[in-house]
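Order of appearance sets the numbers: ligands from 1, and atoms from 1 within every ligand.
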Amino acid sequence: MAGTTPILLSPPDVGELEQSYVMAALRSGWVAPAGPDLTAFEEEVATRVGAAHAVGLSSGTAALHLALVSWGVGPGDVVPVSTLTFAATVNAIRYVGAEPFFVDADEESGNMSPALLTRAVERLRAEGRRVPVIIPVDLLGKCVDYTAIQKAAADAGVRLLCDAAESLGAGHSGRPAGSFGDASVVSFNGNKIMTTSGGGMLLTDDGALAAHVRKLSTQAREPVAHYEHTEVGYNYRLSNILAALGRAQLTRLDAMIERRRGWRRRYRELFADQPGVRVLGGADDSEDNCWLTAIIVDPGASSWTAAELGEALTAQQIETRPVWKPMHLQPVCAGMDGVIDGTAERLFDQGLTLPSGSALSDEQFERLASAIREVVQR
Ligand SMILES: *Cc1c(COP(=O)(O)O)cnc(C)c1O
């Protein structure tokens with residue numbers, strides 16, 4: 001298929017509106033570091049998700065890291081975390097010297113299983129381990145079952161740090177992603193539902209936490225004329241120019257979600273009569289942001305596998321990817337413990353994420369739909 005442009009999984013969706021916002025920020029002279037666009041972007045995202053405070057940071061990873069730093073999580077602490085996630089979630093735990101403890105997934109959604117979380121906390125408590133915080137992850141734009149997870153955390157008296165990097169615009173029981181737990185983290189990386197090219201945000205109702213994270217993100221400078229420091233700081237603040245890009249994207253968030261939801265609908269139709277094939281996340285995605293659509297293909301019931309479909313699409317320059325490789329199987333986490341029942345590993349073996357970006361054109365979708373039909377109707 002030489003000559004055809006590649007179809008990517010989730011490329012940035014930016015155009016003239018974004019250009020005008022960024023140019024206006026440049027012309028205003030507020031180039032670095034902070035400025036009115038950053039303040040406004042924080043307020044707009046906080047309002048959107050219903051959180052009292054927002055702190056714009058250089059990445060979602062930085063937001064996870066600084067929440068843990070601010071809470072004093074460190075060596076000797078154990079942090080239950082979804083195993084089915086991007087490495088960033090677990091890396092943040094390790095930056096502070098704490099130990100990740102992996103919790104396996106719910107079969108339908110791939111999100112942290114509340115039952116296994118309860119087992120994990122009970123086991124760690126019985127072993128006399130210190131558990132200061134739990135980190136669930138909203139997988140591919142579907143919120144975890146916060147009703148159950150928040151109850152499990154409250155019962156255990158443990159903080160909840162919600163990794164909502166993939167779920168901005170989604171919700172659970174009528175409440176927006178980013179508003180759950182003691183704090184939530186969103187990401188504006190290039191492939192996420194909306195982007196600042198790179199960036200992230202901490203969202204919380206806790207004013208003291210927000211103030212401390214904001215201070216930590218600018219080298220923990222004390223509020224005096226000279227450079228005075230009483231604790232170790234970081235250079236993690238989001239720049240005003242990138243915040244301007246984020247403000248433009250935020251005005252388009254609902255439209256971009258609807259576009260992705262349209263692809264989700266089309267994928268459901270494409271695979272509807274295929275035995276052993278389901279869309280990860282279940283039948284009801286009305287509260288999801290549909291960031292990425294993934295299918296799970298049961299090799300015992302289907303005449304083709306997820307890997308075969310992925311290879312056939314790659315040959316036609318259509319990008320796909322397996323779902324996250326579970327962190328408990330990653331070499332960098334060798335020897336680390338958890339409550340594992342094999343679900344995440346099975347979803348990794350049988351799963352495939354499909355092009356889902358809002359910048360995907362109708363023609364591109366038709367091309368990829370016929371490439372899929374060729375494989376599944378063979
Ligand atoms: C993207 C992502 C992050 C990290 O966000 P960055 O902004 O890239 O640092 C963290 N957790 C999950 C689940 C993600 O998908």
Between K192 and ligand 1, does any nitrogen or oxygen pair lie at a separation below 3.5 Å? yes
V49 and P176 have their tightest heavy-atom pair at O-CG, 3.5 Å
| said: Can you confirm whether or not the ring centre of F41 sits under 6.0 Å from the ring centre of F188? | reply: yes
Taking R237 for the side chain and G56 for the main chain, is one N or O donor matched with an acceptor at less than 3.5 Å? yes
ask   = Is the number of heavy atoms from other residues, nucleotides or ligands within 6.0 Å of CH2 (W263) greater than 12?
value = yes
Ligand 1 to A88, heavy atom cutoff 4.0 Å, flagged ligand atoms 3 (C), 4 (C), 10 (C)
Closest to atom 11 (N) of ligand 1 among protein heavy atoms sits D163 OD2, 2.7 Å
Ligand 1 to T85, heavy atom cutoff 4.0 Å, flagged ligand atoms 13 (C)
Counting from 1 in the order shown, the ligand 1 atoms closer than 4.0 Å to a non-hydrogen atom of G199 are 7 (O)
d(L203 CG, R48 CZ) to nearest 0.5 Å is 12.0 Å
Short version for A165: what comes under 4.0 Å of ligand 1, heavy atoms counted, is side chain
- Query: Are the ring centres of Y95 and Y234 closer than 6.0 Å?
  - Reply: no
Under a side-chain separation threshold of 4.5 Å, the hydrophobic residues clustered together with V121 are V78, F101, V103, M112, L116, L117, L124, V131, I134, V144, Y146, I149, V158, L160, F180, V339
The protein heavy atom nearest to atom 13 (C) of ligand 1 is E166 OE2, 3.2 Å
Closest to atom 9 (O) of ligand 1 (heavy atoms only, candidates V186, T195, T61, V185) is T61
One finds that the ligand 1 atoms under 4.0 Å from a non-hydrogen atom of V137 are 13 (C)
* Look at ligand 1 and say whether G198 reaches it with a heavy atom at a distance under 4.0 Å. => no
When distances are taken from atom 8 (O) of ligand 1, the protein heavy atom at minimum range is N189 ND2, 3.0 Å
Smallest heavy-atom separation, W71 atom then L161 atom, equals CZ3-CB, 3.9 Å
Heteroatom proximity flag, S187 to ligand 1, N/O under 3.5 Å:
yes
